[in-house]
Every structure is written in C-alpha cells, then in structure tokens.
2 protein chains.
Amino acid sequence: MSPRPDRSSEAGQTAPVSQPDANLVKGIHQAVATRLNDDGVRYTNGRRALVEILARARQPLTVEELRALSAAPQSSIYRILAVLEDAELVHRFTNTNSEFARFELAEGLTGHHHHLACANCGTMTDVTLPADVEDHLDRAVTLLAAQQRFVVDEHRLDIIGTCATCADLR
Amino acid sequence: MSPRPDRSSEAGQTAPVSQPDANLVKGIHQAVATRLNDDGVRYTNGRRALVEILARARQPLTVEELRALSAAPQSSIYRILAVLEDAELVHRFTNTNSEFARFELAEGLTGHHHHLACANCGTMTDVTLPADVEDHLDRAVTLLAAQQRFVVDEHRLDIIGTCATCADLR
DNA sequence: ATGAGTGCAAAGGCTTTGCATTAGG
DNA sequence: CCTAATGCAAAGCCTTTGCACTCAT
C-alpha cells in the first residue's frame with residue numbers, strides 16, 4: 001500500500017549542467033540583474049551562482065539537486081529561490097508524482113516550453129512544440145476558457161512517460 | 001517577500017458538490033467496486049463515501065476540502081486516498097501554485113480532461129478540449145517525444161488564469 | 001474469530017523563519 | 001555605516017505511521 005513514492009531514491013540520474021552556452025547564460029544574468037535592480041534587490045554572488053546553475057540546466061531542478069551543485073546552505077537556497085520567484089524570474093512547481101518542488105528559470109528568460117517527465121526516475125527535460133501545434137492549442141484553449149469567462153494567463157503541458165535511460169535499464 | 005502562498009486562506013470558493021448525476025456516479029461506484037474487489041480490497045462505507053464526493057465534484061479537491069465534506073478524520077482520508085491511488089482509481093497531484101495536494105478520480109473513471117486553474121483562489125475545474133485539438137496535440141507530442149526516445153504514457157495540460165468569480169470580485 | 005479498516009495521537013520530512021553575523025552600496 | 005543578505009538552528013505544516021479498537025466476512 002505504498003502511500004507516496006520514496007523521496008530519497010527519486011533523484012534519478014544526476015542533475016546535468018551542460019556545456020557553457022556562454023552567450024545565452026550571460027544574457028540571462030543580464031536580464032536577471034536588470035530585473036532585480038529595478039526591484040531594488042541586490043544581485044549577490046549567491047544569487048548569481050544559483051541563476052548560473054539554473055541557466056545551465058536543461059531541466060527543472062529540485063532543492064536537493066541544487067544543493068549538490070551549489071555550496072550554499074539549504075535555507076539560503078530556499079530564500080534565494082523565493083526572491084527570484086517573487087521577481088517572476090523563477091518558476092516553482094511540483095511534479096505530477098508529487099515529490100518535492102522543482103525550480104526552473106521563468107519562461108520570460110528561457111522561452112515557452114513544456115516538459116518530458118519520466119514516471120520512473122522523476123527527471124524532467126524541456127521540450128518545445130512546433131509553432132503550429134502551439135498556436136492551434138493556444139487558440140482552442142482561449143476559446144474554451146472564454147466560454148466559462150475564464151481569463152487565460154498561460155498554459156502548462158507535461159508529457160509523462162518513460163525516458164530513454166530508464167527504458168534502456170529494463 | 002512572500003515565500004509561498006498562505007495555505008489557510010487559499011481554499012477560495014467552497015468546494016462544489018454538484019447535482020446528483022445519479023447514473024454516472026453509480027457507474028463509477030460499480031467500476032471502483034470491481035477494481036477493488038479484483039485487488040482483494042474492501043469497498044467499505046468510508047471509501048464509498050469518499051468516492052461519492054470525488055465523483056460529484058467537478059474538480060480536483062484538497063484534503064481540506066474533502067474533510068469539510070466527509071466526516072472522516074484526516075488520517076483516514078489520506079489512507080483511503082492512498083488505497084485508491086494504488087488501485088489507480090484516484091490521481092494525486094499538486095497545483096502549479098505548489099500548495100497542498102489535490103485529488104481527483106482517475107481518467108479511467110472520468111475520461112480524459114484538463115484543468116482551468118485560477119491563480120487567485122486556487123480552485124480548479126475540469127475542461128475538455130475539442131477532439132480535433134486533442135488529436136493534433138497528441139500526435140505532435142508523440143512525435144516530439146519519439147525523437148528523444150521518450151515513450152509517452154499520458155499528457156497533462158493545465159490552463160492558468162483567473163476564474164470568473166475572482167474576476168468579478170475585483 | 002480473524003485479518004482488514006479506522007481513529008487518535010505522535011512522528012516525519014520538506015520548507016520556512018528568528019536571530020545573530022556578514023557583506024554590499 | 002546601514003540595510004540587505006546569509007547561516008545556523010529551531011519551528012511549521014502537510015502528510016504519514018504506530019498502535020489499539022472496530023467491523024466485515
């Protein structure tokens with residue numbers, strides 16, 4: 001009668017921090033700096049370091065994963081994430097599997113995308129739908145919502161299944 | 001620097017338990033009974049009562065909302081939900097807003113649908129996309145995933161915005 | 001009778017917060 | 001200098017669990 005998936009074993013493959021992509025990352029830092037500055041909030045080393053990690057990741061990360069990559073204590077990580085979330089620079093959510101929270105840079109910084117979520121190892125990777133599909137979907141969603149006088153702000157699509165790595169391990 | 005939305009005030013409008021729809025509900029009980037029986041699990045009064053509430057709701061409910069509608073103690077609610085989740089009769093997830101968990105009957109019982117999630121009051125309501133849009137999306141998703149050797153199991157689409165009630169209150 | 005199910009209260013585990021210290025402008 | 005930011009440890013809060021009791025078969 002397993003109540004909830006075991007959290008400790010759920011990390012799956014280690015969190016990837018891929019190749020530099022220096023220009024893109026630099027641009028993100030710039031945007032974050034500007035935004036925080038406008039908000040009268042300091043862009044300190046600790047905050048810059050976390051943004052760097054999030055910018056290089058190709059996927060939303062958990063606090064545990066961030067901790068493994070960041071040297072900052074948990075409380076600081078949570079606090080920095082809260083600051084960035086308030087500034088709408090970071091998006092926080094929890095996977096369908098209802099494990100712990102995951103964090104990613106806001107779409108304003110990374111562009112609109114969706115997630116491939118592996119039901120086995122829990123990892124998520126970013127994906128982008130073809131523009132025409134996205135348009136089609138967007139129009140349908142707006143129309144549908146309007147019927148209920150619901151004003152659409154955004155949509156989030158998660159694709160759940162089994163990732164290649166987990167499939168290979170079987 | 002609001003870290004997380006305040007949980008206590010988030011209930012929003014009270015959880016709706018709409019008109020009977022007796023036949024549909026009866027069918028759901030039937031399906032649940034069969035499934036649990038196959039699993040060698042008893043369909044007790046407490047469990048039946050919870051399923052009844054979920055079946056009548058037009059939306060995923062939190063434990064707090066279930067509690068308000070159910071008379072059973074929290075621990076039993078959580079335990080019953082865990083049993084139903086294990087039997088794949090209930091789906092558990094947490095809203096983008098990262099509040100507490102929400103529960104709904106599995107799509108096997110209710111049919112495939114998506115959610116209109118109000119960013120203000122936190123309530124969610126079920127919606128269905130036109131079949132052609134759903135098809136278009138489904139094909140694109142499968143294709144996209146295949147490129148990464150990701151095997152799609154299902155997809156979940158949440159539409160975030162402001163519900164009519166909250167819009168009126170402004 | 002006998003094991004599954006239920007209730008209560010206590011424990012767990014991710015997340016938040018108070019307070020003293022450090023660092024940024 | 002002076003306020004914002006950080007670190008540590010303690011507290012919070014949703015959720016889970018141990019144990020005794022009850023109910024269904």
Side-chain angles (χ1 to χ4, degrees), chain A residues 1-11 32-33 36-51 60-68 70-87 89-90 92-95 97-103 122, chain B residues 1-11 32-33 36-51 60-68 70-87 89-90 92-95 97-103 122:
Chain A
M1 197 180 290
S2 63
R4 241 206 210 180
D6 179 9
R7 280 82 176 296
S8 48
S9 66
E10 185 139 19
V32 172
L36 289 185
N37 190 58
D38 288 354
D39 287 11
V41 176
R42 294 177 191 161
Y43 197 24
T44 61
N45 289 330
R47 291 171 182 179
R48 190 175 293 271
L50 250 203
V51 168
L61 301 176
T62 65
V63 167
E64 187 187 338
E65 291 167 339
L66 286 170
R67 236 166 85 81
S70 121
Q74 282 209 34
S75 64
S76 292
I77 294 180
Y78 276 112
R79 256 196 281 238
I80 291 171
L81 290 171
V83 169
L84 295 173
E85 195 186 1
D86 279 354
L89 293 167
V90 155
R92 162 207 219 122
F93 64 96
T94 67
N95 203 344
N97 305 324
S98 186
E99 19 146 284
F100 3 55
R102 283 183 182 270
F103 300 84
Chain B
M1 197 179 291
S2 62
R4 241 207 210 179
D6 179 11
R7 282 79 180 294
S8 48
S9 66
E10 186 141 19
V32 173
L36 289 184
N37 190 57
D38 289 354
D39 287 10
V41 175
R42 294 177 189 160
Y43 198 23
T44 60
N45 290 330
R47 291 170 182 180
R48 190 175 292 272
L50 250 203
V51 168
L61 301 176
T62 64
V63 168
E64 185 188 339
E65 291 168 338
L66 286 170
R67 237 167 84 82
S70 122
Q74 282 208 33
S75 64
S76 293
I77 294 182
Y78 276 111
R79 255 196 281 240
I80 292 171
L81 290 170
V83 169
L84 296 173
E85 194 185 3
D86 280 352
L89 294 167
V90 155
R92 161 205 221 125
F93 65 96
T94 67
N95 202 343
N97 306 323
S98 185
E99 19 146 284
F100 3 56
R102 283 183 182 272
F103 300 84

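All chains are named by letter (A, B, ...) in the order of the sequence lines, taking the proteins before the strands, and each is independently numbered beginning at 1.
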Undergrad: Round to a whole Å and report the spacing from CD of A/Gln74 to P of D/dC8.
TA: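 Those two atoms, CD and P, are 11 Å apart.
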
Undergrad: Holding to side-chain contact (heavy atoms from CB on, under 4.5 Å), I want the full list of residues that pass it with A/Ile80, two or more places apart in sequence or in another chain.
TA: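 Once residues adjacent in sequence are excluded, the partners of A/Ile80 under the side-chain contact (heavy atoms from CB on, under 4.5 Å) criterion are A/Arg47, A/Leu50, A/Leu84.
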
Undergrad: If we fit an axis to the first five pairs and another to the last five of the helix from C/dA1-D/dT25 to C/dG25-D/dC1, what angle do they make, to the nearest 10°?
TA: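 Comparing the axis at each end, I get an angle of 30°.
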
Undergrad: Taking B/Arg102 for its side chain and B/Phe93 for its backbone only, find out whether a donor-acceptor pair lies under 3.5 Å.
TA: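 Side chain of B/Arg102 to backbone of B/Phe93, a donor-acceptor pair under 3.5 Å: no, none is there.
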
Undergrad: Nucleotides 7-9 of chain C: which of its N/O atoms have a protein N/O under 3.5 Å away?
TA:
{"from": "C/dG7", "atom 1": "OP2", "to": "B/Ser76", "atom 2": "OG", "distance (Å)": "2.5"}
{"from": "C/dG7", "atom 1": "N7", "to": "B/Arg79", "atom 2": "NH2", "distance (Å)": "3.3"}
{"from": "C/dG7", "atom 1": "O6", "to": "B/Arg79", "atom 2": "NH2", "distance (Å)": "2.6"}
{"from": "C/dC8", "atom 1": "N4", "to": "B/Ser75", "atom 2": "OG", "distance (Å)": "3.2"}
{"from": "C/dC8", "atom 1": "N4", "to": "B/Arg79", "atom 2": "NH2", "distance (Å)": "3.2"}

Undergrad: Whole-Å distance between C/dC14 C1' and A/Glu65 CD?
TA: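 Going from CD in A/Glu65 over to C1' in C/dC14 covers 15 Å.
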
Undergrad: Which whole-number value in Å describes the distance from B/Arg102 CZ to D/dC14 P?
TA: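 The distance from CZ of B/Arg102 to P of D/dC14 comes to 13 Å, rounded to the nearest Å.
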
Undergrad: Which residues pass the side-chain contact (heavy atoms from CB on, under 4.5 Å) test with A/Ala87, sequence neighbours left out?
TA: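 In terms of side-chain contact (heavy atoms from CB on, under 4.5 Å), with neighbours along the sequence ignored, A/Ala87 is linked to A/Arg35, A/Leu36, A/Asp39, A/Leu89.
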
Undergrad: Quiz question: going by heavy-atom distance under 3.5 Å, is there a donor-acceptor pair between the base of D/dT3 and the side chain of A/Arg42?
TA: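 Side chain to base: pair present.
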
Undergrad: For the pair made of CZ in B/Phe103 and C1' in D/dT16, what is the distance, rounded to whole Å?
TA: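 Between C1' of D/dT16 and CZ of B/Phe103: 12 Å.
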
Undergrad: Any side-chain heavy-atom pair from B/Phe100 and B/Asn95 closer than 4.5 angstrom?
TA: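 Not in contact.
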
Undergrad: If only side-chain N and O atoms of B/Arg92 are considered, is one of them under 4.0 Å from the OP1 or OP2 phosphate oxygen of D/dT16?
TA: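 So the side chain of B/Arg92 is within the cut-off, an N or O lying under 4.0 Å from OP1 or OP2 of D/dT16.
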
Undergrad: Check side-chain contact (heavy atoms from CB on, under 4.5 Å) between A/Ser76 and all other residues, then give those that pass, not counting sequence neighbours.
TA: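 Only A/Ala72, A/Pro73 meet the side-chain contact (heavy atoms from CB on, under 4.5 Å) criterion with A/Ser76.
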
Undergrad: Could you state the CG-P distance from A/Asp86 to D/dA5, rounded to the nearest angstrom?
TA: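 Distance check: A/Asp86 CG to D/dA5 P gives 12 Å.
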
Undergrad: B/Arg47 has a side chain; which of C/dG5, D/dT15, D/dA5 sits nearest to it?
TA: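 Out of C/dG5, D/dT15, D/dA5, the nucleotide with an atom closest to B/Arg47's side chain is C/dG5.
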
Undergrad: If I take atom OH in residue A/Tyr43 and atom C1' in nucleotide C/dG25, what distance separates them, rounded to the nearest angstrom?
TA: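 Spelled out: OH on A/Tyr43 to C1' on C/dG25 is 18 Å.
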
Undergrad: Let me know the distance between CZ of A/Phe100 and P of C/dG13, rounded to the nearest Å.
TA: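 Result: 12 Å.
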
Undergrad: Please give, in whole Å, the distance from D/dA5 P to A/Tyr78 OH?
TA: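 Computing the A/Tyr78:OH to D/dA5:P distance gives 20 Å.
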
Undergrad: Taking only the side-chain nitrogens and oxygens of A/Asn45, find out if one of them lies under 4.0 Å from OP1 or OP2 of C/dG24.
TA: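 It does, given that an N or O in the side chain of A/Asn45 lies less than 4.0 Å from OP1 or OP2 of C/dG24.
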
Undergrad: Just verifying a value: how many Å separate B/Arg48 CZ and B/Arg42 CZ, rounded to the nearest 0.5 Å?
TA: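 So the gap between those two atoms works out to 14.0 Å.
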
Undergrad: Restricting to side-chain hydrogen bond (donor to acceptor under 3.5 Å, both in side chains), what partner residues turn up for A/Asn37, sequence neighbours left out?
TA: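 A/Asn37 satisfies side-chain hydrogen bond (donor to acceptor under 3.5 Å, both in side chains) with no residue once adjacent residues are dropped.
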
Undergrad: Please indicate whether A/Asp38 has more than 12 foreign heavy atoms, meaning atoms of other residues, nucleotides or ligands, lying under 6.0 Å from its CG.
TA: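 Yes, the 6.0 Å shell around CG holds more than 12 heavy atoms from other groups.
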
Undergrad: Look up atom CG in B/Leu81 and atom CZ in B/Arg79, then write down how far apart they are to the nearest 0.5 Å.
TA: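 Separation between the atoms: 12.0 Å.
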
